[in-house]
Participant: 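This is the structure, below, for whatever I ask next.
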Protein chains: 2
Amino acid sequence: MKEPMPPLPPGPAAGESPEHAELAALCKALGHPARVRIVEHLAGVGCCMCGCIVENLPLAQSTVSQHLKVLKEAGLVRGTLEGPRTCYCLDRERLARLAALAAGLAERGDPDLDLGSCDEGT
Amino acid sequence: MKEPMPPLPPGPAAGESPEHAELAALCKALGHPARVRIVEHLAGVGCCMCGCIVENLPLAQSTVSQHLKVLKEAGLVRGTLEGPRTCYCLDRERLARLAALAAGLAERGDPDLDLGSCDEGT
DNA sequence: CTCTTTCATCGTTATTCGACGATAAACGAT
DNA sequence: ATCGTTTATCGTCGAATAACGATGAAAGAG
């Protein structure tokens, strides 16, 4: 295990939860077509080095490196130094975490409310 | 010499797929804590008007309106005019779509590749 | 009609992002 | 030690973002 995974405030109308930041950070990292492209490539290939990714995108090497840095900082990608090159691997757990957070948000509360609660709130 | 193009035949994502843009757009919309906050609020409450959201955030009304516009353009939220006010509802389908796209990406390919494919290629 | 409420839009400013070229660092091979 | 290869980082520039206050439009109340 890695973290104690503290109690999820079950309150639907709770004011604060660190998940805001986590989900936002993950989404922000994936909020660019080039980065989605990189992640997709890594998902198919398993892992590869930076040059391999550069060849698959219409971007300069420095730009790709920038994007990889963003993905790495979000934890979506891991970089392993291998001599002069760096092997980039997708962190599927992190990506699954993003999916889980989004799915959890989509299912929170009652879909019932989605249609008729506009009147209240006087 | 370099590997011209790693095998990506089995996936629908050899070079281009509109899913890139869709996932990136959805993520970009959620890539801001305030927007995650709004979506979470809507998920709990079902739907409510703009003022209700403003009261829950430390932001000016115009800023919240901007964020709502972004969410609306991404399809994550629907706005219904109700006289002078606007009722905002979360589109759970869209949010689920985001989750599904992320999950699909996380499960694409073989996790087997994630550990040992860095050596080959010499 | 006038007034109030509610929200969207406009204009502004500061910050961040995305992209590039150029440069430097790390390593293997010669 | 010197190359060649591969990456990361720096500096820069234009564009987009985020935030705000102020203004304006739509609908109901008086």
Side-chain angles (χ1 to χ4, degrees), chain A residues 20-21 24-39 41-42 45 47-74 76-89 117-122, chain B residues 1-3 6 20-21 24-39 41-42 47-74 76-89 118-122:
Chain A
H20 292 141
L26 285 170
C27 280
K28 188 172 182 181
L30 263 192
H32 193 287
R35 247 119 59 183
V36 173
R37 199 91 168 269
I38 291 174
V39 165
H41 179 71
L42 284 177
V45 145
C47 62
C48 65
M49 55 186 207
C50 176
C52 165
I53 300 172
V54 171
E55 286 174 11
N56 276 276
L57 294 178
L59 294 174
Q61 176 265 327
S62 58
T63 305
V64 172
S65 195
Q66 245 345 76
H67 284 307
L68 282 169
K69 184 180 181 181
V70 171
L71 289 171
K72 204 164 45 177
E73 284 176 350
L76 284 167
V77 147
R78 283 187 310 265
T80 310
L81 284 175
E82 279 211 2
R85 62 202 108 194
T86 306
C87 172
Y88 282 103
C89 302
S117 69
C118 290
D119 315 319
E120 56 160 320
T122 330
Chain B
M1 216 104 72
K2 23 199 149 175
E3 316 292 325
H20 292 140
L26 285 170
C27 280
K28 188 172 182 181
L30 263 192
H32 193 285
R35 261 149 9 212
V36 173
R37 199 90 169 269
I38 291 175
V39 165
H41 181 70
L42 284 177
C47 61
C48 65
M49 54 185 207
C50 177
C52 164
I53 299 172
V54 171
E55 286 175 10
N56 276 275
L57 293 178
L59 294 174
Q61 176 265 326
S62 57
T63 305
V64 171
S65 196
Q66 252 332 87
H67 283 308
L68 282 169
K69 184 180 182 182
V70 172
L71 288 171
K72 204 164 44 178
E73 284 175 350
L76 283 168
V77 147
R78 284 187 310 266
T80 310
L81 283 176
E82 280 211 1
R85 63 203 108 196
T86 306
C87 172
Y88 282 103
C89 300
C118 291
D119 315 319
E120 49 175 316
T122 29

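Proteins come first, then strands; the chains are lettered A, B, ... in the order of their sequence lines, and each starts at number 1. None of these values were measured; they are calculated from a predicted model.
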Participant: Quick one: B/H67 NE2 to C/dT9 P, roughly how many Å, whole number?
Facilitator: 15 Å
Participant: Check every strand shown and say whether B/L59 touches a base, only sugar-phosphate, or nothing at a heavy-atom separation below 4.0 Å.
Facilitator: sugar-phosphate
Participant: Report all interatomic pairs (protein N or O, nucleotide N or O of nucleotides 14-17 of chain C) with separations under 3.5 Å.
Facilitator:
unit_1, atom_1, unit_2, atom_2, d
C/dC17, OP1, A/K28, NZ, 3.1

Participant: Any side-chain N or O of B/T63 below 4.0 angstrom from OP1/OP2 of D/dA18?
Facilitator: no
Participant: Once you round it to whole Å, what is the distance between C1' of D/dT17 and CG of B/L68?
Facilitator: 16 Å
Participant: Please give me the minimum heavy-atom distance between A/C50 and A/L68, naming the atom from each residue.
Facilitator: SG-CD1, 4.0 Å
Participant: Mind calculating the distance between CD (B/E82) and P (C/dT6) to the nearest angstrom?
Facilitator: 14 Å
Participant: Is any side-chain nitrogen or oxygen of A/T86 closer than 4.0 Å to OP1 or OP2 of D/dT7?
Facilitator: no
Participant: Between atom CD in A/Q66 and atom C1' in C/dG21, what is the gap in whole Å?
Facilitator: 13 Å
Participant: Please report, rounded to the nearest Å, how far the P atom of C/dA8 is from the CE atom of B/M49.
Facilitator: 11 Å
Participant: D/dG21 base to B/S62 side chain: any donor-acceptor pair below 3.5 Å?
Facilitator: yes
Participant: Among B/R37, B/H67, B/H41, find the one that has a side chain to side chain contact (heavy atoms under 4.5 Å, CB included) with B/L57.
Facilitator: B/R37
Participant: For A/I53 and A/L42, which heavy atoms make the closest approach, and how far apart are they?
Facilitator: CD1-CD2, 4.3 Å
Participant: For B/S65 and C/dC7, is the shortest distance between a side-chain N/O and OP1 or OP2 below 4.0 Å?
Facilitator: no
Participant: For the side chain of B/R35 and the backbone of B/A29, is there at least one donor-acceptor N/O pair under 3.5 Å apart?
Facilitator: yes
Participant: May I ask you to verify whether the side chain of B/Q61 and the base of C/dA8 hold a donor-acceptor pair under 3.5 Å?
Facilitator: yes
Participant: Can you tell me how far C1' of D/dT6 sits from OH of A/Y88, to the nearest Å?
Facilitator: 11 Å
Participant: Nearest 0.5 Å, what's the CZ-SG distance between B/R78 and B/C89?
Facilitator: 6.0 Å
Participant: OH/A/Y88 to SG/A/C48 distance, rounded to the nearest 0.5 angstrom?
Facilitator: 10.5 Å
Participant: Side chain of A/P84 only, please: which of C/dG21, C/dC27, D/dT7 is the nearest?
Facilitator: C/dC27
Participant: For a quick test of reading the model, state the closest non-hydrogen atom pair linking A/V64 to A/I38 and the distance between them.
Facilitator: CG1-CD1, 4.4 Å
Participant: Atom CD of B/E55 and atom C1' of C/dT5: how far apart are they, to the nearest Å?
Facilitator: 13 Å
Participant: Would you mind reading off the distance between B/E73 atom CD and D/dT17 atom P, rounded to a whole angstrom?
Facilitator: 10 Å
